[in-house]
Amino acid sequence: RASAIQGLDHWFEQTIKLFNCHLDLPISGKASLLDSGEDFEMLDDDEIDDDPPPLEDAGGGKKTKKEPAEDQDASPSSLVDEWMDILGNGQLRKKVLRAGNGPDSRPTKGQNVVIHLKTSLADGTLIEEQPELSFTLGDGDVIQALDLTVQLMEMGEKALVQADAKYAYGALGSLAPEVLPSADLALEVQLLDATEAPDLELLSPQERVALAGQKRERGNVYYQRGDYAFAVNSYGFALQITESSSKVDISPEEEEELMDIKVKCLNNMAAAQLKLDHYEAALRSCVSVLAHQPDNIKALFRKGKVLALQGEYAEAIRNLKMALKLEPSNKTIHSELSKLVKKHSEQKGAEQAMYKKMLGNPGSGGMQKHQAKSSWGVSWKWLFGATAVAIGGVALSVVIAARN
C-alpha cells in the first residue's frame, strides 16, 4: 500500500510539472526565478548573442547555473528584476544586479566614494572601464547619472544604470572618454568604498592646491560645455578649499599659489554668472578679484560689462578705460569701450530731451516772452509818441489862434 501511494504521488508530481510547463507557471512548492534569491550575472562579450535583447528584457535568454549563493542573505526586495525610475521621467533608471550591505551602508553627499565603472553605449559597445574611480559625491566631479545613482547604492552593490544623454555627456559628447553627441549610456557600477572627506584644515598646502585645482578644472569643463550653473558650483567648491583656514604651516609662496587659484576661480565664476544673467553675483565676484589684484584686466573688463548691462555707463566706461590703459593693444576692450561711449552719448541725449519735455521747453518759452515784451514795448512807445504829437499840434493851434 505504501509503495502504491508513493507511486501515485510521483505520478501526480510529474503531471503537475508537465501542466505548469505548458502554462509557464512556477512549480508548486518551489520559488520562481524572481523569488529565488538568485542574481542575474552579466554575460561576457563572447557569450552575448549577435542580436541581444533590449536591456529591459535582460535575463530572458540563457540562465546561468546557480552557484553556491554568496548573496543568499541579501534582502529579497533588492533582487527583484525591476528598474528604478530615479527621476520619474524614464531618462535615468537603475537595476540592482547584486545586492549590497543594506540601506544603512549607503554613502552620503560630501563623502569620497570609490566605484568600479564600466561605461558602454546603449547597444552594449564598451567605451571605457575604470576599476577604481574615486570622486566626492555630490560635488559634480562626474556626470550627473553617477552623482545621482551612487547615492542610492548600498556598499558592495552592483547595479546597471541606463542614462539618457542629458544626464551623461549631452548634445556635445565627449573626447575622453570618446562618446558621440547625444549618446545614451549603459553604466555598470559597483560601489567599493565610501569614506568621510578629509578635514580641509588638516590638509597640507600642496594637497589643498591640488584639490582646488581639480575642482577648478571641472568647472572649466562645465563652462566649455555651456553648463554654466554646474560651472559656478564647481568654482564654489574650489573657493571653499582656497579660503579655508589651516592648522598646518604654510609658506608665503604656497599662500601665493592658493591666491592665484582663488583669483582664477573668481574670474571664471564671474564669466559664468554673466552667462546666467546673474549680474549682482558677477559684480561681487569681480569686486573680490579687484580687492586682491586692483590691476586685474579681466576683472576690470567684466566689471565694466556688468555695470553697462545695469545701465551704469559712466562707471562702466571708467573701468574699461582702466583696463585699456593696462593693455592698450586689446581689441576686445577697444570695441566694448567704443560701443559704451556711443550708448552713453545716446543716453545723455535722450535724458536731455526728456527733461525739456518735462519742463515744457523752457528755452523757447523765454524767447516767446521776450518777443512779447518787445512788441508791447514798441506799442507803448508808438502810442506815447503819437500822443505827444497830438498834444503839440493842439498847443500850436491855440497859440496861432491867440495871435490871430
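Heavy atoms only: backbone and side chains are in, while hydrogens, waters and symmetry mates are out. Since we're looking at a predicted model, the values are computed, not measured. Position 1 is the first residue of the sequence, and the numbers go up from there.
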A.B. asks: If the condition is side-chain contact (heavy atoms from CB on, under 4.5 Å), which residues does Ser105 pass it with, not counting sequence neighbours?
C.D. replies: Asn101, Glu154, Met155
A.B. asks: Would you mind writing out the side-chain donor-acceptor pairs for residues 173-183 within the sub-3.5 Å range, not counting sequence neighbours?
C.D. replies:
unit_1	atom_1	unit_2	atom_2	d
Ser174	OG	Ala176	N	3.3
Ser174	OG	Ala176	O	3.4
Ser174	OG	Pro177	O	2.8

A.B. asks: List in chain and number order the residues that pass side-chain contact (heavy atoms from CB on, under 4.5 Å) with Val114, two or more places apart in sequence or in another chain; answer none if no residue qualifies.
C.D. replies: Glu132, Ser134, Leu192, Asp193
A.B. asks: Considering residues at least two apart in sequence or located in another chain, which fulfil the side chain to side chain donor-acceptor pair (under 3.5 Å) criterion with Glu196?
C.D. replies: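 Here the qualifying residues are Gln111.
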A.B. asks: Sequence neighbours left out, what passes side chain to side chain donor-acceptor pair (under 3.5 Å) with Ser245? Give chain and number order.
C.D. replies: Glu201
A.B. asks: Quick one: list whatever passes side chain to side chain donor-acceptor pair (under 3.5 Å) with Asn89, sequence neighbours left out.
C.D. replies: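 Residues passing side chain to side chain donor-acceptor pair (under 3.5 Å) with Asn89: Gln91, Tyr167.
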A.B. asks: Which residue pairs pass the side-chain hydrogen bond (donor to acceptor under 3.5 Å, both in side chains) test when at least one of the two sits in residues 320-333, sequence neighbours left out?
C.D. replies: Glu327-Asn330
A.B. asks: Could you tell me which residues satisfy side-chain contact (heavy atoms from CB on, under 4.5 Å) with Ser204, sequence neighbours excluded, listed by chain and number?
C.D. replies: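 Only Gln206, Glu207 meet the side-chain contact (heavy atoms from CB on, under 4.5 Å) criterion with Ser204.
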A.B. asks: For residues 298-308, tabulate all N or O donor-acceptor pairs below 3.5 Å that involve a side-chain atom, not counting sequence neighbours.
C.D. replies:
unit_1	atom_1	unit_2	atom_2	d
Arg302	NH1	Asn267	O	3.2

A.B. asks: Applying side-chain contact (heavy atoms from CB on, under 4.5 Å), name anything that partners Ser335, two or more places apart in sequence or on another chain.
C.D. replies: Lys339
A.B. asks: Just grab all the ring-ring contact (aromatic ring centres under 6.0 Å, His included) pairs involving residues 224-252, residues at least two apart or on different chains.
C.D. replies: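 Checked against ring-ring contact (aromatic ring centres under 6.0 Å, His included) - neighbours excluded - the pairs reaching residues 224-252 are Tyr222-Phe230, Tyr223-Tyr228.
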A.B. asks: His334: what forms a side chain to side chain donor-acceptor pair (under 3.5 Å) with it, not counting sequence neighbours?
C.D. replies: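 Testing His334 for side chain to side chain donor-acceptor pair (under 3.5 Å), a comparison that skips the adjacent residues, returns none.
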